[in-house]
Amino acid sequence: MSAVLDHHGHADHAHDHPHGLRRWLFATNHKDIGTLYLWFSFAMLIVGGLNALLLRAELFQPGLQIVKPEVFNQLTTMHGLIMVFGAIMPAFVGFANWQIPLMVGAPDMAFARMNNFSFWLLIPSALLLVGSYFAPGGAAAGGWTMYAPLSIQMGPGMDMVIFAVHLLGASSIMGSINIITTILNMRAPGMTLMKMPMFVWTWLITAYLLIAVMPVLAGAITMTLTDRHFGTSFFNAAGGGDPVMFQHIFWFFGHPEVYIMILPAFGIVSEIIPTFARKRLFGYPSMVYATSSIAILSFIVWAHHMFTTGMPAMGQLFFMYATMLIAVPTGVKVFNWVATMWRGSMTFETPMLFAIGFIFVFTMGGLTGIILSVAPLDIQLHDTYYVVAHFHYVLVAGSLFALFAGTYFWLPKWTGHMYDEGLGKLHFWASLITFNLTFFPMHFLGLAGMPRRYADYAMQFADFNAFVSVAAFGFGLSQLIFLWAVIKCIRGGKPATAQVWEGAHGLEWTVPSPAPFHTFETPPTVK
Amino acid sequence: MGWFYAPAQRGDVARQMARIGATLGALWFSAGAWAQQAAQQVDDMPGGPKVHQLNLIEPATAIARDQHWIHNFVMVICVLIFIAVFGVMFYSVWKHRKSKGAKSASFHESTAVEIAWTVVPLLIVVGMALPATRMVVEQKDTSGADITVKATGMQWKWGYEYLKGEGEGISIYSTLTTPQEQIDNKAPKSQTYLTEVDEPLVVPVDKKVRVVLTANDVIHAFYVPALGIKQDAIPGFLRDTWFRAERPGTFRGYCAELCGKNHAFMPIVVEVKSAEDYKSWVAERKKAMAAQADDPNKDWQVPDLVARGEKVYGANCAACHQAAGTGIPGAFPALKEDKVVLGPQEEQISVLLNGQGGAGKMPAWKQLSDVEIASVITYTRNAWGNKAEDNIVQPREVAAARNK
């Protein structure tokens with residue numbers, strides 16, 4: 001990398017603003033890389049969303065109309081993989097890139113060139129993921145969970161997914177190393193750990209989770225790869241292996257992964273609620289401890305995804321108790337947010353609306369999570385639409401709404417313009433309403449027994465499915481309002497002040513809007 | 001493996017896209033689609049979901065009833081928490097807003113409150129865990145079964161073998177009977193669309209039935225909502241679950257673990273019979289089995305084998321090779337005018353017994369009997385205009401190849 005840069009290196013790097021393609025291809029500035037991450041994840045959100053809309057179109061009516069069942073399975077698989085690894089995770093890394101140096105008073109991320117590499121690894125992996133549709137036999141169709149031995153049966157699309165996930169994992173690990181180093185070594189003088197903004201805290205914990213579990217996923221899919229091509233039998237009973245072992249390894253990654261996608265969202269909401277309530281975050285230390293507890297507990301609950309695999313009663317009981325326990329620290333977070341709002345002086349700009357919407361809808365997903373944690377009941381609900389409803393309540397209304405909240409919150413700092421409040425509010429209400437119309441009826445479908453990942457279903461499920469499909473298109477279209485609002489804000493709008501929000505506190509609000517290319521070259525002092 | 005054997009399917013996405021475009025238009029901008037459905041009155045499915053069902057399916061076992069109870073119990077607690085938390089939040093949103101002149105207070109911690117809202121949820125959770133623990137132990141207790149049935153998940157049907165108890169020795173394959181025309185929207189759909197099979201799992205009422213599960217290929221899951229059971233069927237391993245049906249009736253379920261393309265098309269139907277009815281069913285079955293026990297040395301005629309083979313083909317082969325033997329271009333080869341089908345019979349017998357092409361391709365069909373394999377081969381050699389030179393395979397020829 002450095003050789004490439006030296007070749008063009010006749011200018012003074014530190015103060016040069018590269019333009020055109022080079023600015024992005026060779027980007028080492030945390031703000032530029034953050035922007036790249038955010039645009040990338042939005043593009044993937046659209047691609048993953050199109051997958052979802054196609055499968056909802058197929059499910060609009062019973063019978064097969066649009067896609068064959070094998071293509072339907074490809075759509076569900078790629079929807080999950082693209083949304084988890086392409087949209088939600090990179091979006092949070094984008095926020096980390098933009099905000100962490102600004103919030104801890106650092107001039108940039110610790111390893112600027114590795115940061116560039118972390119981002120550019122995403123492009124080949126996205127091409128592999130999307131390109132796998134054109135492989136012989138189509139894209140991987142074994143679900144985003146890639147359970148063996150079904151994943152052993154797939155065509156080369158599966159191999160492309162395996163390579164893509166390896167690259168994404170490498171990118172996440174490098175990003176995490178960068179984030180941890182920046183947070184631990186580059187904070188402004190006076191900013192002790194317990195003075196760090198909540199968003200920084202949640203990302204510090206998330207980065208540790210990522211480093212702990214991404215190699216585990218890499219191990220699982222590497223074993224899948226060698227089972228597929230090199231005659232090993234990790235997951236093949238006939239060769240002495242165990243298909244269920246894949247699930248244990250996968251979910252040892254997969255459950256912390258759930259918190260990887262929600263902890264930074266907690267962080268964003270914990271920044272926004274105090275700002276618009278004009279009141280300090282209630283119970284800051286307990287927020288830090290609650291986040292850490294959730295992270296630690298996330299390592300001992302994985303098998304609640306596997307209650308129906310037939311583990312012994314003691315196993316079911318242990319994982320049920322551990323899962324129920326997570327409700328306690330999660331409850332603490334919700335109570336603290338409500339207590340922050342209590343007797344505040346609230347205004348309801350778009351970021352606040354999305355943050356309140358987040359608390360409201362995420363909590364519904366949390367409560368269905370408690371219902372699912374009850375092992376004897378999970379036997380009924382596992383792998384039905386109830387689970388689909390549950391995880392979309394926490395991942396769409398949770399992670400995605402927090403990402404929207406954060407975007408509106410910091411967009412004036414990034415662009416120097418205020419976004420169009422009317423568009424923002426329209427986006428919020430359209431999203432909130434269509435989200436609930438889409439996913440709430442899925443609870444009923446699941447209770448009535450409709451299994452997930454079904455290309456076709458019994459007539460009695462037809463009306464709810466038709467309703468859900470129409471609402472899903474509404475939710476999809478609502479996201480175009482977001483795109484419109486963001487582009488409009490980039491192109492112009494009321495100039496933003498440095499402070500932006502009346503109740504804003506924190507180092508990022510001390511630099512001008514838009515944040516200059518280089519900030520905090522001399523570290524600020526935090527009292 | 002897949003790379004080398006997977007047939008080219010590159011044009012598939014493009015073709016799909018074209019179809020999607022055409023269908024989307026037809027689907028949403030003509031009232032036809034709605035009209036077709038409106039014309040078809042949908043009723044509640046006995047033993048399956050009701051129309052617009054909002055809650056769990058009406059239970060038929062004590063375990064399913066317990067699941068109802070604990071769902072209601074946990075649900076009530078969750079709704080109360082929800083109302084309490086959001087009552088406070090929306091009161092605050094309403095009352096403590098700047099536009100109403102609210103001034104922000106300065107408190108930001110309270111040890112007492114924070115301890116309270118850690119301890120109280122902990123106690124609530126313990127309250128939920130207690131009854132749940134009893135239920136886990138009950139669900140897991142598969143001892144003392146009256147009847148043991150082994151269920152085998154296969155891409156894409158179920159096989160049932162009665163291992164112990166009344167009916168021991170009976171063996172059934174259970175396949176979806178919904179005609180392809182209904183799935184393709186060329187015929188009105190039945191009330192039991194996609195939840196109907198040729199051979200249901202038949203069990204007696206009020207007897208403890210232990211279901212031992214395994215699978216032949218990938219993981220499947222045996223899910224019957226009304227009985228309150230769901231258990232993965234894992235290739236190479238045995239798992240078990242149990243139920244004791246409290247009333248006779250037909251109860252419908254599904255495969256609940258993604259198992260490939262026809263995941264949605266391998267339902268489970270459990271028929272619970274009274275003790276007498278079950279007894280006569282067993283007797284009838286045994287008689288039929290004795291009659292069907294084919295003389296291994298009998299010389300069969302082409303029409304008999306073709307008639308038998310058509311059934312075997314429909315139950316086992318049509319999912320991939322299609323009823324008309326056309327296959328699916330790019331995915332599953334056509335048997336019509338196929339050179340193996342028209343060529344020497346040894347090769348075709350070997351393909352059926354041993355499979356071909358590795359994982360995800362033609363599996364081995366060793367589990368079929370010699371007569372079944374001979375008949376299905378004979379069928380393919382005479383159906384769809386195929387005129388093989390060697391147009392008949394005798395069961396003993398299959399037996400010879402199998403024992404070689």
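Everything numeric here is computed off the predicted structure, so don't read it as measured data. Throughout, protein chains are lettered first and strands after them, A, B, ... in sequence-line order, and every chain is numbered starting at 1. Only this structure's heavy atoms are used, side chains among them; waters, hydrogens and symmetry mates stay out.
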Practice item. Mind running side-chain contact (heavy atoms from CB on, under 4.5 Å) on B:L258 and A:D383 for me, showing each step along the way? Key: CA-CA 9 Å; B:L258 179 60; A:D383 266 338; over 6 Å; no
So, the part of A:M311 with a heavy atom under 4.5 Å from chain B: the answer is backbone
When the 4.5 angstrom heavy-atom criterion is applied to B:K140 and chain A, the contacting part is side chain
Rounded to the nearest 0.5 Å, the CD atom of B:E114 sits from the CZ atom of A:F282 at a distance of 4.5 Å
To the nearest 0.5 Å, atom CD1 of B:I81 lies from atom OG1 of A:T363 at 10.5 Å
When the 4.5 angstrom heavy-atom criterion is applied to B:T241 and chain A, the contacting part is neither
Taking the side chain as C-beta and beyond, is there a heavy-atom pair between A:T347 and B:S99 under 4.5 Å?
-> no
Sub-4.5 Å side-chain heavy-atom contact between B:P225 and A:Q380: yes
Honestly, the part of A:L281 sitting under 4.5 Å from a heavy atom of chain B is backbone
The interface call for A:Y147 against chain B, heavy-atom contacts under 4.5 Å, is side chain
Interface check, chain A: of B:A226, B:A129, B:G253, B:G236, most non-hydrogen pairs under 4.5 Å belong to B:A129
Taking every heavy atom of A:M364 against every heavy atom of B:F82, the minimum-distance pair comes out as CG-CE1, 3.3 Å
d(B:Q53 CD, A:F461 CZ) to nearest 0.5 Å is 7.5 Å
Heavy-atom nearest pair, A:S345 first then B:A102, reads OG-O, 2.9 Å
Counting heavy-atom pairs under 4.5 angstrom with chain A, the leader among B:M135, B:Q182, B:Q139 is B:Q139
Notebook entry, point to check: Should we say atom OH of A:Y289 is surrounded by more than 12 heavy atoms from elsewhere, each under 6.0 Å from it?
Noted result: no
When the 4.5 angstrom heavy-atom criterion is applied to A:A339 and chain B, the contacting part is both
B:K189 side-chain N/O to A:M459 backbone N/O, donor-acceptor pair under 3.5 Å = no
Max heavy-atom pairs within cutoff under 4.5 Å with chain A, candidates B:P131, B:P235, B:P267, goes to B:P235
Could you walk me through whether A:Q460 and B:Q191 pass side-chain contact (heavy atoms from CB on, under 4.5 Å), step by step? CA-CA 8 Å; A:Q460 287 76 6; B:Q191 296 298 330; 4.1 Å; yes
Does a donor on one side chain sit under 3.5 Å from an acceptor on the other, for A:T308 and B:D232?
yes
- Query: Would you call the rings of A:Y386 and B:H71 parallel, tilted or perpendicular if under 30° counts as parallel and over 60° as perpendicular?
  - Reply: perpendicular
TODO: Count the heavy atoms belonging to other residues, nucleotides or ligands that lie under 6.0 Å from CZ of B:R97, then report whether that count exceeds 12.
DONE: yes
Between the CE atom in A:M341 and the NE2 atom in B:H96, the distance rounded to the nearest 0.5 Å is 10.0 Å
Cut-off 4.5 Å, heavy atoms of chain B, and the answer for A:N236 is neither
- prompt: B:F107 ring centre to A:K279 NZ or CZ under 6.0 Å, with the angle to the axis within 45°?
  reply: yes
CH2 of B:W69 to CG of A:L377, rounded to nearest 0.5 Å, is 11.5 Å
Okay, B:V93 and chain A: the region with an atom under 4.5 Å from a heavy atom over there is both
Can you confirm whether the side chains of A:T384 and B:Y254 place a donor and an acceptor under 3.5 Å from each other? no
_Suppose we call two aromatic rings close when their centres sit under 6.0 Å apart. Are B:F265 and A:Y454 close by that rule?_
no
The interface call for A:M324 against chain B, heavy-atom contacts under 4.5 Å, is both
Most heavy-atom pairs under 4.5 Å with chain A, out of B:V88, B:V119, B:D184, belong to B:V88
Okay, B:I183 and chain A: the region with an atom under 4.5 Å from a heavy atom over there is both
Ranking B:Q155, B:M75, B:R252 by heavy-atom pairs under 4.5 Å to chain A gives rank one to B:Q155
To the nearest 0.5 Å, atom CG of B:L122 lies from atom CG of A:L325 at 6.5 Å
Quick one: are A:D456 and B:Y193 in side-chain contact, heavy atoms under 4.5 Å?
yes
With chain A, the option among B:P121, B:C78, B:S106 that has the most non-hydrogen atom pairs under 4.5 Å is B:C78
query = Do B:T133 and A:L317 have side-chain heavy atoms sitting under 4.5 Å apart?
reply = yes
* **Backbone of A:I379 reached by a side-chain donor or acceptor of B:Q231 within 3.5 Å** => no
Cut-off 4.5 Å, heavy atoms of chain B, and the answer for A:A458 is both
Heavy atoms, side chains only, cut-off 4.5 Å: are B:E257 and A:L150 in contact? no
Under 4.5 Å to a heavy atom of chain A? For B:I234 that would be side chain
Q) A:V244 versus B:F237: any side-chain heavy-atom pair under 4.5 Å? A) no
Would you mind reporting whether B:H108 and A:Y284 have side-chain heavy atoms less than 4.5 Å apart?
-> no
Just do the side-chain contact (heavy atoms from CB on, under 4.5 Å) check on A:F464 and B:L54 with the steps written out, would you?
CA-CA 10 Å; A:F464 277 137; B:L54 301 180; 3.7 Å; yes
**Asked** Heavy atoms, side chains only, cut-off 4.5 Å: are A:V338 and B:F86 in contact?
**Response** no
Answer key: most heavy-atom pairs under 4.5 Å with chain B among A:R343, A:M158, A:Q316 is A:R343
